*Asks:* 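Have a look at this one before I ask anything.
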Amino acid sequence: MYGKVLHIDLSRKRSWVDDESELFINRIGGVGVGIKLLEEELPKGVDPLDPENVIVFTVGPLTGLYPMASKTIALFKSPLTGNLGESHAGGRSAIAIKSAGYEAIVVKGASETPIYVAVHGEKVFFRDASGLWGVGSSLTVGRVIREREPGAGIRSIMRIGVAGEKLVRYACVTTETYRHFGRLGLGAVFGSKKLKALVVSGAGVIQVKDVKLYRTLYDEIFNATTRTAIMRKYHDIGTSMNVSPLNEIGGLPTRNLKEAKFEGAEKISGDFLAENYLGRRVACSHCPVACIHLAALREPYEDEPYFYKTTMISYDYELIYALGSLLGISNTEGMLRLFHEVEVLGTDAISTGVLLAWMTEVFEKGLISETETAGLKPKWGDWKTYLKSMRFLVEQPTEFYRDLSMGVAYASNKYGGSDYALSFGGNEMPGYHTGPVAHIGFLTGARHSHLDSAGYSLDQKLLKEDRKPSVEEVVDYLLEEEAWRQILSSLVVCFFARGIYSPTLVVDALKSVGYEFSPTELAKLGLDILRDKNRFKLREGFRIGDLKPAKRIYETASPLGCIDDEFIGKAVNLFYARMGI
Amino acid sequence: MDYMCAKRVSIVDSERCVGCQLCMFACTRRLGYGGLGLSAILVKSTGGIERGLTVIVCRACPSPPCQKVCPTGALTAREGGGVRLNPDKCIGCGHCRDACPFGAIFWNYELNKPIVCLYCGYCVNYCPYKILAFEEVGK
């Protein structure tokens, strides 16, 4: 049966399975189904940290069958924005959920004491996690659970760090050490439920309707992925490849976006990291691309000669932006230490970097002093101080850090500096100052993320063609892109594979598992899902008129020149009008 | 089978393995299913992904311990190394699984019988990083 939903009630320590096959047949899976389940399960207006908040994990019909259909979608109410929370993660999470026999897992309620939940196929175990609560490093938590639970190689261990326990509103959930449900604070929702981890494993197989078609199509996708240039960018240098080109065109946010070109970019670029630090490559389950790049950082112990430790640290473009250029850091090893620290603490790297950048600027301008920062003097490029501040962001030794744990929008409302608090709809800004389209995308995207509609891509195209777009062109592009991405995230295909999973391929892949969709029907469904997400946001209090980007984005020139606020305003209004909600 | 022709899947360099598990998916797909539930090859971390990965698959022992402990004769030694399973004779006692020092006998929980490598080499075709090779036993 396709469409089994496992419900886990943490308050009553009970679990049960529902058949939602009809919903899955109509809405494919992933986000398409997830938003419906969230709408149904989540009481209107509930506080995101209340036990009544609901977490919906979903996978899709291609999970476990085709390469790169390897994402899990998490939907929840975000404690950062107070509205729709949506995060995607890879690792082994998707195949583990599918192999356990489910297409979705719904977590609700809250435990009174720390627990972790282990799902092994049909069996659900509520295990005490009192001993794991407060453990300083999320890496240790992973290690302990690995030893205690079965299913090595075929399981996923989704866990939080101390940040999630401390309800830091942008805490993440980490899986398989290096992958994250990063954005919008799922970690804090876990923390509010006293849920330290969710372990999933299973040994089920997936029935295929047309085995011959399945194998043929599989080979087609496999060959396109491994023998053509489509995935090369992610394969070779990885996402960090973006650093140099974005810097060259002047689109790399630097020192809290006071500038968009960083003089120290070379030392934090993808090429430099690959040449000097790349120590291992890793992949999500069922992905031949292996975009996960791990730097090997060798550090001496200061108190004893001839003692070294080597740490494997995952790096990606967004981390380099947030904890590198945005903080004016060009010391490669210093930056890598910051990457490791977010991993240890379990916060979202982008939000963390934006907060530290804003904190540096308000400190610089005298809006706060060492009283607020607990004695720290944040300064551009000073990674050692940032390392300490990251810990304070989580431990919250002063009221100021408690306010920072709410996100940059909240903190800037209280302390000032809203003009340069880089947030969109309450979510901290991703690393693209490529032009107006990126920013319109951050504003209109359902989760205010660069991955919603990839506006930076159109900006760069416009730069190459040396022309200005019309409002209509921008809106059409963003709407079409975001709608199509709803289909990809309903199939749970990784966005990096969007060049492979064309509409025609998607139609064929769905056919091989018994779905009949035409490209037109898919386009319509994509738009419907997007509308559902936005309707959910309206239900939970989202107002288009509240979308006000920081003035800073207009002050610092982009590669396409200074951004015009009137143009942005018109595009945002037209976007919502065209979407029709 | 001619001794020289008996082939097996060998691990060329597990340090280079990225953990994509395409070999595992291939193994179950070979039998007409999706997922990993029937796979006779396993890729797992050596104590967390930061410590690297290991690949576990039948090495086609010339004198297989799994076969020696099989009480019903369901596992027979393959000429040239490795074993063949006759599921009709298997009672699912699990001794073979316990006897394999590599953990290369996997388990079909639905049938309560072992999953044993068929030495077909199908998985090797899908390894994008040349971790696996299909070669004669003893090479």
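Given the structure is predicted, the values throughout are model-derived calculations rather than measurements. Proteins come first, then strands; the chains are lettered A, B, ... in the order of their sequence lines, and each starts at number 1. Atoms considered below: every heavy atom in the structure, side chains included; atoms not considered: hydrogens, waters and symmetry mates.
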*Asks:* Check each atom of A:Ser285 against the heavy atoms of chain B and say whether the ones under 4.5 Å are side chain, backbone, both or neither.
*Replies:* both

*Asks:* Tell me, side chain or backbone of A:Tyr66 under 4.5 Å from chain B's heavy atoms, or both, or neither?
*Replies:* neither

*Asks:* Below 4.5 Å, heavy-atom pairs only: which of A:Thr177, A:Leu65, A:Thr63, A:Thr311 has the largest tally toward chain B?
*Replies:* A:Thr177

*Asks:* Considering only heavy atoms, which portion of B:Glu110 lies under 4.5 Å from any heavy atom of chain A: side chain, backbone, both, or neither?
*Replies:*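 Answer is neither: B:Glu110 stays 4.5 Å or more from chain A.
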
*Asks:* Identify the heavy atoms of B:Gly35 and A:Ile206 that sit nearest to each other, and give their distance.
*Replies:*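 Smallest heavy-atom distance, with atoms named: N-CD1, 3.7 Å.
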
*Asks:* Could you tell me whether A:Glu122 atom CD has more than 12 heavy atoms of other residues or ligands within 6.0 Å of it?
*Replies:*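 No, because the 6.0 Å sphere around CD of A:Glu122 holds 12 heavy atoms or fewer from other groups.
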
*Asks:* For a 4.5 angstrom cut-off between non-hydrogen side-chain atoms, does B:Tyr33 reach A:Val208?
*Replies:* no

*Asks:* What is the ring orientation for A:His235 with B:Tyr129, classed by angle as parallel under 30°, tilted 30 to 60°, or perpendicular over 60°?
*Replies:*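 Taking B:Tyr129 first and then A:His235, their aromatic rings lie parallel (interplane angle under 30°).
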
*Asks:* Heavy-atom pairs under 4.5 Å with chain B are the metric here; pick the option from A:Gly202, A:Ala152, A:Ser70 that has the most.
*Replies:* A:Ala152

*Asks:* Using heavy-atom distances under 4.5 Å, tell me whether B:Asn108 contacts chain A through its side chain, its backbone, both, or neither.
*Replies:* neither

*Asks:* So, do B:Val18 and A:Ile292 sit near enough that their side-chain heavy atoms are less than 4.5 Å apart?
*Replies:*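 Not touching, per the 4.5 Å side-chain cut-off.
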
*Asks:* Side chain from CB out, backbone as N, CA, C, O: work out which of these in A:Val205 comes under 4.5 Å of a heavy atom of chain B, or both, or neither.
*Replies:* both

*Asks:* Under 6.0 Å between ring centres, would you say that holds for A:Phe222 and B:Phe25?
*Replies:* no

*Asks:* Heavy atoms only, distances under 4.5 angstrom: which of A:Leu294, A:Val211, A:Val282 has the most pairs with chain B? Name it, please.
*Replies:* A:Val282

*Asks:* At their closest point, which heavy atom of A:Tyr214 faces which heavy atom of B:Gly34, and how far apart are they?
*Replies:* OH-CA, 4.1 Å

*Asks:* Using non-hydrogen atoms only, which part of B:Arg16 is less than 4.5 Å away from chain A: side chain, backbone, both, or neither?
*Replies:*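 For B:Arg16, no heavy atom lies under 4.5 Å from chain A.
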
*Asks:* Who wins among A:Glu147, A:Arg215, A:Met312, A:His286 for the most heavy-atom pairs under 4.5 Å with chain B?
*Replies:* A:His286

*Asks:* So that I can tick it off, tell me whether A:Arg280 and B:Glu50 are bridged by a salt bridge, with the cut-off set at under 4.0 angstrom between side-chain N and carboxylate O.
*Replies:* no

*Asks:* With a 4.5 angstrom heavy-atom cut-off, is it the side chain or the backbone of B:Leu42 that approaches chain A, or both, or neither?
*Replies:*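 It is the side chain, since no backbone atom gets that close.
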
*Asks:* Where does B:Leu31 contact chain A at under 4.5 Å (heavy atoms): side chain, backbone, both or neither?
*Replies:*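 The answer is the backbone of B:Leu31.
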
*Asks:* Could you tell me which of A:Ile157, A:Val513, A:Asp219, A:Leu139 has the largest number of non-hydrogen atom pairs under 4.5 Å with chain B?
*Replies:*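 Of the options given, most contacts go to A:Asp219.
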
*Asks:* Looking at every non-hydrogen atom in both residues, tell me the closest pair between A:Arg146 and B:Ser45 and how far apart they are.
*Replies:* CD-OG, 4.5 Å

*Asks:* For the residue pair B:Lys44 and A:Arg155, establish whether any side-chain heavy-atom pair is separated by less than 4.5 Å.
*Replies:*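 Side-chain contact under 4.5 Å: no.
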
*Asks:* Tell me, side chain or backbone of A:Arg92 under 4.5 Å from chain B's heavy atoms, or both, or neither?
*Replies:*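 Contact with chain B: side chain only.
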
